[in-house]
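All remarks here apply to the structure that follows.
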Amino acid sequence: MEIQVQAQGSLTVVVLTGEIDGKTAPEVQSRLLPLAENGRKLVLDMQKVTFLSSAGLRVLFLLNRAASSGSGKIFLTGLVPELRDTMSVTGFLKCFQLFDSQEQAVEALR
Amino acid sequence: MEIQVQAQGSLTVVVLTGEIDGKTAPEVQSRLLPLAENGRKLVLDMQKVTFLSSAGLRVLFLLNRAASSGSGKIFLTGLVPELRDTMSVTGFLKCFQLFDSQEQAVEALR
Amino acid sequence: MPDTSSRIDYYPTHEYQGFHLRPGHPYPFGATILSGGVNFSVFSSHATSCTLVLFDKGEPLPRVEIPFPDSFRIGNVWCMVVFDLDCESVEYGYRMDGPFEPAEGHRFDPTKILLDPYAKTVSGREIWGQDPDWQQPFPHRGRLVFEDFDWEDDRPLERPMEELVIYEMHVRSFTRHPSALVKHPGTFAGLLEKIPYLKELGINCIEMMPVYEFDEFENSRKSPTTGETLYNYWGYSTVGFFSPKAGYAATGRWGMQVDELKNVVKEIHKAGIEVILDVVFNHTAEGNEHGPTISFRGLDNKTYYMLTPEGYYFNFSGCGNTLNCNHPIVRSIVLDCLRYWAAEFHIDGFRFDLAAILGRDPWGAPLPNPPLLESLAFDPVLAKCKLIAEAWDAGGLYQVGTFPAYGRWAEWNGKYRDDVRRFVKGDPGLAGALATRLQGSPDLYGWNGRGPTASINFLTCHDGFTLLDLFSYNEKHNEKNGEENRDGANDNHSWNCGREGATEDPPVQALRRQMIKTALSILLTSRGVPMLWMGDEMGRTQEGNNNAYCLDDPTNWLDWNLTEQNRDLLRFVQLLLRHRKAHPLLRSKKHPCFHRGGFEEYPEISFHGQAPWQPDWSEESRRLACLWSGRDRQDAPAFLYFAVNAHWEGAWFALPRIPRCWHVAINTGMPAPEDIFAPGEEVLLSDQSGVFLSPRSAMFIIGK
Amino acid sequence: MPDTSSRIDYYPTHEYQGFHLRPGHPYPFGATILSGGVNFSVFSSHATSCTLVLFDKGEPLPRVEIPFPDSFRIGNVWCMVVFDLDCESVEYGYRMDGPFEPAEGHRFDPTKILLDPYAKTVSGREIWGQDPDWQQPFPHRGRLVFEDFDWEDDRPLERPMEELVIYEMHVRSFTRHPSALVKHPGTFAGLLEKIPYLKELGINCIEMMPVYEFDEFENSRKSPTTGETLYNYWGYSTVGFFSPKAGYAATGRWGMQVDELKNVVKEIHKAGIEVILDVVFNHTAEGNEHGPTISFRGLDNKTYYMLTPEGYYFNFSGCGNTLNCNHPIVRSIVLDCLRYWAAEFHIDGFRFDLAAILGRDPWGAPLPNPPLLESLAFDPVLAKCKLIAEAWDAGGLYQVGTFPAYGRWAEWNGKYRDDVRRFVKGDPGLAGALATRLQGSPDLYGWNGRGPTASINFLTCHDGFTLLDLFSYNEKHNEKNGEENRDGANDNHSWNCGREGATEDPPVQALRRQMIKTALSILLTSRGVPMLWMGDEMGRTQEGNNNAYCLDDPTNWLDWNLTEQNRDLLRFVQLLLRHRKAHPLLRSKKHPCFHRGGFEEYPEISFHGQAPWQPDWSEESRRLACLWSGRDRQDAPAFLYFAVNAHWEGAWFALPRIPRCWHVAINTGMPAPEDIFAPGEEVLLSDQSGVFLSPRSAMFIIGK
C-alpha cells in the first residue's frame, strides 16, 4: 500500500496504490482521517487500487462521513471497473461523487 | 483538573489536582496513557484529588493495565481516606501498589 | 466530548500461544466484533470441553486452536474475547468434545471442526456451483461481519397485510437465464437490476426462496438421463441460519454478501416492495445418521434434533432429520435468528417451510400451545413482521385453518389452491367452494376471528406446476430429476387442454392462455393475500416438471424472452394487479357480510348465477358470479361484478340491477387487448341487462 | 494490529437539538454503552409513540427530550444511538403515549416519565432511608453502567447441589447493628468484612434477600404504636430488576453499586461461598390501580400484568398486582434478567419468591408445562445456576413436591419445616413423617426422580419466627408492624417452653437452648439441602415478631453481641456443620435404600426405636433413631446413628450392633461443651450397648 498526498490549491489529492484490505485499511485511515476531518476537499485517485475489501470500503465510507460532518468532501477518481462494480452492488458507490480521472476532478472542483 | 508531570530519574511523577470524573477522565487518559505505555514507572500523587468517580477509577485501572502489559508500573501515593475506601469497596484498590506520600514512593522505588 | 471508547473490558487478561485473550460475554451468542477484539460465544448442554479453531482465510490448516480455559465458561456457554484479529481474514470453527453414545443421543466427535450456528457469514461455497474440495476437513467456515450498513431512513415497510400482493421467486432462477441481460446473473445484484420490472408488474412484496447459506452440493449427483449435475438447487436445507448464501452474491467471493443483500433490500424497499424470506427451520443440512457433521450434530445432537428413544432421527421433514423446535434452546436460536434478520436486514416477513413441525413437541406430538409460535407472534422485534406458515409437514400434520395463530400467523392456503384449480378445470360440485374462497375462506378463518389476511391465496408456487403447465399437462414429467418420475406430487388438479405438453396447435395455445387469465382473475379478486409464482405472469413453463428442486438449468431459470413472446399475458397481469389496487373492496381485512355493508340496501357481497340473485349451487354448476358492493377509493359507491364460467359451453349472465352503469374491465374470453382494460378505461356495456361469457372465461364488470 | 475500533456504525446520521443520533439496534434491550454513543432500546406492544428523556444527574428538569423518529422503530422496539453523552452523569427515562383505556387494559400516560425496565442502575434512592422528594416527577431514574469489572479467574462456583449449606440473610440487617463494627453498616461493603465469620461458621452459600432496586419508602408510614417509620424494609417489591439496590451500597451515592456488589461476589467466591439471590418476579412495586406508575404500567400495562376481564389487577401475589409471567414478552425479560445476573454478576443461583405464580397462564390458571420455568431450566447461560422455587403463591396454589422441575428446580420444602417443627415440639403421630424428612422427603421427590437435592430443608427463614422465638413464643407478637397483630402467619408450630417470651428463668432458657440444638441436629443430618436463617446460629430473637418486613430496627438487625453471649450455641452450629461435611452419607443426591447399600449386610438407612431394629411408628411415638451405613470419606466403612427423643421424658436407646465402636459426636441433652465434639474428637461410648437420651434431646453417634 502506497499513499501519496499532495495539495493542489484548495484540493488535497491522494494517490493510492495497492490493495486496501483489513491489513492496510488502518494505515489508510490513520493517514487520511485527519485530512478528511479538517474540512478540505479530498480527491482520492483510485486508479492504482487493485482491490478493495470490505474493510477497505468501510475506510472510504468513514472518510466520507468524517468529511461531510464538517465542510469537507471526498471525490473518487479512476475507479477500475471491478471496484466500481463492487461498490455499486453493495450500495457504497452512491455515497461518493466520481470522476473518471484525477485531472477531471481537479478541473471540475477548481 | 490539573495535571503536572515531572521526571525524577527513572520515575515519572504526576501530581493530580481536582476531581476525576466522566468529564475530566478523558483528559487524564490522553495525557497519561502514553506515559503508561512507554514502560516507565509512574507515580501518581493523588493527595489533591478530591473525588474519583466510576469513570475516574476506570482511568486509573486502564493506566495500570496499559503499564503492566509492558514493563511499566503504576504507584499511587497520598490517597485521601474517602478515595481509598471507595477503591477498596469496589475492588480497585488491590490492583495498585500504594505509598503514603510521593516522597516515600520516590524513596522506595529509587 | 467524553471519550467512552477506551473501555477497559477490552484489555486482555490472558494469553495463549501469542494470542491475547480475556473471558468473554456469553451473549450475544456467536462472534461479535468489539473494539479491539472479537467475542466468541458458543454453547452446548452436553459437551465436556470446547476449542476455538482459527484459520486464515482459505488455508487448509488452522492458524491456532485455542482451548477455552475453564474459567471462561459460564453455565454451558464458552465465551472468550480474542484480541487483534484481522476480522476480514479470519475464519473460525469449534471443536467440541463429549460422549459419542448414539443410543443416548450424543454424537460428539472432536476430530470434526464445527460451524458456529450463529455464524453471520459462511465461506466454502462462495462461488455457485464451483466444485468443492471434497477432502476439505472444514468445508463450511464461520466468518465475521461488520454490522454497520448505512440504512439511511429505511426500515421494514409495514404494509398492511391486506394490501400485499406477493411474488414468490428464486434468487438464482430469477436472473440466471442469459436473456435476463444483467451484469451478475443469478445473484442478489442481478435482482437489483430487475426492480423496475417488479415495480411495473405491480406486486409489492417478494418472497425469496431460501437465501440462508446452504450447500448446493448436498447430495449432488449426475442425472442418469441427461448427465447434467443435479444440485440441492432450491436450497431447502440450511447450513447457516444467520448467513446469506454467499453463492447468491456477486461479491460473495469477497465475503460481502451481507452488504450486497442489505443493499438489495434497501433498494427494493425504495420501490415500495417488501421482502419476505422463506425460512427452513424444520430440518438442517446434516441429514440423518449417514449425513455430514457440520454444526448441530457435533455441538449438541440431543438438544437440536428430535430423536427416537433409540437415538435415531425422527423424520417429520422428509429430509432425514427434524429440528427440535420446541426445545427451549432451539426456540431461542430461532427467535435470535429471526430478530437478527428483521433488525439487521430489515426483512419484512418470513414464510416458514413445513411450519407444522414448529408446533410439535420434542417427541413429535403436536402441542396445543406451542411456545415457539407464541414467542414469535408476540416478540417485540418481530411485531410488524409478516409470519406465514406452510401449515403442514411431511409427518402428516395438516393445519390449514387450525395453525396456532395468536392473531398473527397467516397460512399458505392449500385449500384455496385446490378448490380454485378444480373449479377452473371444470370439476363439478365446486360452486360453493369457490364462493367461500372468493370471500377469503371464512370456513377456515372466520370462526376463529382470523379474517382473510390469514389466507395466502395462491394457485401455484415453487412446489408443483407453473400456471402454464397446470393447463398443459395432465401428468407430471419429472424424469430429469433422476428419480424415474417418482418424486413430486401426483394430485395436481391440472388439465392439459387436450394435448400433453407444448404444442403449436393455436386453439390449444389460446385456450391455455385463456385458462391462465381466468384463473388469475379469480386469484386477484379474492379477499385474502394473493401470491404469484415467478414467471407465471409471462407464461413460464417447466415442461411438466412439478418438482424441479435439483435442476440448475432453464427448467428453473426464468426466460426473459417470454416478456416479449407473451407480452399480452404480462400486460393482462399488470392491469389485473392495477384493478385489485383500484378496489379496496377486494382487499378488506374482514370477511364480507351477506346482509348489509354494501352501498345502500346492497349487501357487501351477493352471489348470482345466470339469473341475478339466483346462484346455482347444484352439483353440476360450473358457473358463479358475485357482486361486491360498498365504498371504493374516494368513498365512491362501488359495484364490482365478477362472473366465472368454468363450463365448456358459453352462457348468458343476466346482470343484477344497480344504480350505476356497468362497464367491462376484464373479459378473459376475448383476445388481447380486449381481454382487459386499464382502470379508468373500462368500456361501457352496450347491453346493460347482461353479458355472454365464453366457455372457461371470467368477466369483471364495474358499475360507475 | 488491525484497528477494529473505528466502526462507521458509530457515526451519527441524524441530529436533534444539538444531539447527534443514529438509528439504534433493537437488542440488547436497555441502554448499552458503545464506543462513542449509547444505544437506547425500549419496546411496547401498544404505545403509539415514545420519547427519550435525558437528565443531568439529580436535576429536576430534563436536559432534553428526544422523540424517537419513526424510522428508528423496528417492530415494537424504539431504538436510537445518542452520541457524546457523559455516561456517568446522564439519567434517562421514557415517555410513552398510547391509549388510556383501563377496561381494555391500557393505562398510558405521557405526563409520566418511565423507568427503563432494563435499567442497570437506578438513582433516586441512593442513600437508604433518606426522605425522598415526594414532588419529584421522576423519582426512579435509569443510569448507565460500565460492564467491565475485572473478574480475574472468578466465575460461579458450581458446587454440587447436595454439598450446599445455605445461609439466608438480609443484606442490611446483617451488618446494620452497631455491634457489627463494620465501616459501612448495612451495606454490601459491610458484608465484605463479615466473610471470615461466614467461612468460620461453615456455610458455603448465602442467599441474599432481595437486592434488586426497591423503594424502602413504598407504603412507608409511622407506626401507630411506636411512632417509628415503617418501611418496605425487606424489599419484596421490585422497582428495577436489573439494578442492585443503590441504598445497599456504601458507594451508592457515587453510583458504584454495581462494582461494589460484583466485588462482594468475587470476594465471597474466594472464600468458597456461593451467592444466591432471592428474586421477586411475581409482582412489582407499582401495586394495583391506586399505586404509582413507575415503569411497566406506563410502558405496556396489558402485557406486563395479569388483568381481569374488566381491566383490574389480579392479585395472586397478595401485593396488588401480578406479573404476567407466561406472556412471551415477560418470559423474555425474566430470562434476560437472570442471564444478566448470572453472566455479569457471577450469581450462583436464584430463589424465586412465590414461584407458583411463574407457572400460571395470563388468566391465572396453572399451566401443565409452563414455558418460563422450562426456559429457565434449559437455558445455556443459567445451566449451572441453582433454581429454587418458593413453590406456592398467595392465590392458593401450593406445589411443594409438584412444582414443574425439568430436572433442575429445587423447592423450599415447607412440609419439612412443618413436620420437623411439630415433631420436635412433641406433637404425636410424627415419627413416620420425621423418618421421611430425614431421607430427603422421598414422598415428595422420590416418585418423580428428583431426589433429595430438590428439597431445601429448613426450620426457619425470614418469613416466620427465628429459631429462638420458635421455642419462646406460642403466639406471634407483631404489634410493632402497625396492623394490630393481624399480619403474619398463625400456624407456627411453635412452643414457648413454658413462658411466653424472654425470661431470666434458667431452666426455661436451658430448655430453649436444647430445643434449638435438637432441631438443628435434625436439619443438618437430613438428606437434602439445609438452609439456616441468619442469626439462628447465635440465638437471635425478633421478640416474637414473625413478619418483621417493615422494621428498620433491632428487630431485624443482627446483634453481633450474641456471638459472645451465645458462644456455646455458635460453637455447636460450627461443629455441627463440620460433622455434616465430614459425612458424605448425609449428603447423597439420592434417597437412601432400605434393603442394601450400606456396609456389608447393612442397609443404607435403617430405623430404630428404643430397641434396635424396632422403630416405634405408633401415634404416641415421639422417639426415633436411624442408622446410616455405607462408605464415608476415604472410603472407610461408616455407621452414623442419629436418635431423637422428642418426649418430655428421657429414655434408654439400645444401640444396634455394628462391627465398630460407638463414639458420641453430639448429645444435645448435655450442656456445652459436652453437647458436641469436633469431628475426629468423638468420645468413645463407655457402654456400647446403649445410650440414655434426656427429654427433648438428640444424639449423633458414630461407629469407628
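Every chain is numbered from 1 and lettered A, B, ... according to where its sequence line falls, protein lines coming before strand lines.
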One should read off an interatomic distance between A:Ser53 OG and C:Lys57 NZ, to the nearest 0.5 angstrom, of 11.0 Å

*asked:* What I'd like to find out is whether the side chain of C:Asp259 reaches to under 4.5 Å of the side chain of A:Phe92, using heavy atoms alone.
replied: yes

Note: vs chain A, highest number of non-hydrogen pairs under 4.5 angstrom among C:Leu261, C:Val264, C:Thr251, C:Val258 is C:Thr251

Regarding C:Asp150 and A:Lys94, does a basic nitrogen lie under 4.0 Å from an acidic carboxylate oxygen?
no

Return yes when atom CZ of A:Arg40 has more than 12 non-hydrogen atoms of other residues, nucleotides or ligands closer than 6.0 Å, and no otherwise.
yes

Less than 4.5 Å apart, side chain to side chain, heavy atoms only: is that true for C:His184 and A:Asp85? yes

Separation between CZ (C:Phe146) and CG (A:Leu57), nearest 0.5 Å, reads 10.0 Å

With a sphere of 6.0 Å drawn around CD of C:Glu59, does it hold more than 12 non-hydrogen atoms of other residues, nucleotides or ligands?
yes

Under 4.5 Å to a heavy atom of chain C? For A:Leu52 that would be backbone

Shortest non-hydrogen pair, C:Asn263 vs A:Ser88, comes out as ND2-O, 3.5 Å

When every non-hydrogen atom of C:Leu192 is compared with those of A:Val89, the smallest separation belongs to CD2-O, 4.4 Å

dist A:Thr90:OG1 -> C:Lys262:NZ (nearest 0.5 Å) comes out at 12.0 Å

Separation between CG (C:Leu144) and OG (A:Ser54), nearest 0.5 Å, reads 10.5 Å

Applying a strict 4.5 Å limit to non-hydrogen atoms, the region of C:Lys183 in contact with chain A is side chain

For C:Asp86 and A:Lys23, the nearest pair of non-hydrogen atoms, with its separation, is OD2-NZ, 3.1 Å

Honestly, the part of C:Gln257 sitting under 4.5 Å from a heavy atom of chain A is neither

